[in-house]
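Down below is the structure, laid out as structure tokens.
Chain naming here is simple, since letters A, B, ... match the order of the sequence lines and numbering starts at 1 in each.
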Amino acid sequence: QQQVKQSPQSLIVQKGGISIINCAYENTAFDYFPWYQQFPGKGPALLIAIRPDVSEKKEGRFTISFNKSAKQFSLHIMDSQPGDSATYFCAASARPRGAGNNRKLIWGLGTSLAVNP
Amino acid sequence: NAGVMQNPRHLVRRRGQEARLRCSPMKGHSHVYWYRQLPEEGLKFMVYLQKENIIDESGMPKERFSAEFPKEGPSILRIQQVVRGDSAAYFCASSQGINQPQHFGDGTRLSIL
């Protein structure tokens, strides 16, 4: 059972366009939602993250929109560039409670983004 | 500013052999997470360690897999008697504190012949 559902699986966007990737979750204990970018042969790199006390966070061309009531969050990449072509993962973690708990990340299955020149 | 360092980057083992994967966290980071990634899939949590302590190993198979993070030296993920199904990319992440962002290494790609 996938706790974090990500869509679409793949996405093709023209240079200069907007890339939108969506994620949905069920566990209301999640309170931290990062997005990671991964290039082939590399590890995931943290792009941007949000907590549920805000509905939107923007860093440069990357924006996270968060809808707490719908339990959904999305990544928008404005003015998409060929260099943005990569796999993007959403993730979530819950506040640690008690011994043994931690910020382990629960991951979506990823979105392969291709930006055409 | 060294990031999370993992080695080896690629590891080939035959069935039944042992695999040792090493992870040196970022300077100042004392929290280490190990994740496994199968092709075309997201990462799956395996184990979380702090210096000299395993805090949560709920994602790690109970047999053949073990992890450690000694007082000195890197964290080690050890897989004994490897099987074909262990073929995957294994990623290590470190953080400065439990509520701090996780930073990832470039992984070890384990192939089992």
Side-chain heavy-atom pair A:N102, B:Y33 within 4.5 angstrom cut-off
yes

More than 12 foreign heavy atoms under 6.0 Å from CZ of B:R15: is that the case here?
-> no

Turns out that what part of A:Q38 lies under 4.5 Å from chain B's heavy atoms comes down to side chain

Between the NE2 atom in B:H103 and the OH atom in A:Y36, the distance rounded to the nearest 0.5 Å is 7.0 Å

Under 4.5 Å to a heavy atom of chain B? For A:P34 that would be neither

Do B:Y35 and A:L105 come close enough that some side-chain heavy atom pair is under 4.5 Å? yes

Heavy atoms of B:F91 and A:G43 approach each other most closely as CE2-CA, 3.4 Å

May I ask you to check whether B:F104 and A:W107 place their ring centers less than 6.0 Å from one another? yes

- prompt: When hydrophobic residues are tied together by side-chain contacts of less than 4.5 Å, even through go-betweens, does B:Y48 share a cluster with B:F69?
  reply: no

Q | Over 12 non-hydrogen atoms of neighbours within 6.0 angstrom of NZ in A:K58 | A | no

Whatever's closer than 4.5 Å to a heavy atom in chain A on B:S95 counts as neither

Under 4.5 Å to a heavy atom of chain B? For A:F39 that would be neither

Here the pair of heavy atoms bringing A:K104 nearest to B:S58 is NZ-OG, 3.5 Å

For A:I12, does the CD1 atom have more than 12 heavy-atom neighbours from other residues, nucleotides or ligands under 6.0 Å away? no

task = Measure the shortest side-chain to side-chain distance between A:S93 and B:Q102 over non-hydrogen atoms and say whether it is less than 4.5 angstrom.
result = no

Hphob cluster co-occupancy, A:I106 + B:Y90, side-chain heavy atoms under 4.5 angstrom = no

For this session: Kindly check if the number of other-residue, nucleotide or ligand heavy atoms within 6.0 Å of CD (B:Q81) is above 12?
Result: no

Among B:I98, B:L43, B:N99, B:V4, the residue with the most heavy-atom pairs under 4.5 Å to chain A is B:L43

Subject >> A:K5 atom NZ, over 12 foreign heavy atoms within 6.0 Å >> reply: no

Next on the checklist: Around atom CD of B:E68, are there more than 12 heavy atoms from other residues, nucleotides or ligands closer than 6.0 Å?
Outcome noted: yes

